[in-house]
Amino acid sequence: MPNLTRRSFIAATLAAGGVRAVPMIASRTGGRRILTLVYDKGLGMMRAVERVVP
C-alpha cells in the first residue's frame, strides 16, 4: 500500500472525482477539452489539468 501524506491523499481524491465529473460536463456543454501538464510544487511532481473551453 502506498504511503500517502494528507496532502497527497486529498489531491488523489480530488483527481479521482475530477476524472468522473469532467467527461459528463464536457459531453453536456459540447466544448473542447484542453489538457495541460503543470508542475505541482506541493506534490513535487507533474499533474494533468483538463479544461473545457466553449
**Student:** Could you tell me which residues satisfy side chain to side chain contact (heavy atoms under 4.5 Å, CB included) with Leu14, sequence neighbours excluded, listed by chain and number?
**Tutor:** Ile10
**Student:** Can you give me the closest heavy-atom contact between Leu35 and Ala48, atom names plus distance?
**Tutor:** CD1-CB, 3.7 Å
**Student:** Would you say Tyr39 and Leu37 are hydrophobically clustered, going by side-chain heavy atoms of ILVMFWY under 4.5 Å?
**Tutor:** yes
**Student:** Which residues pass the side chain to side chain contact (heavy atoms under 4.5 Å, CB included) test with Met45, sequence neighbours left out?
**Tutor:**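 Expected list: Leu43.
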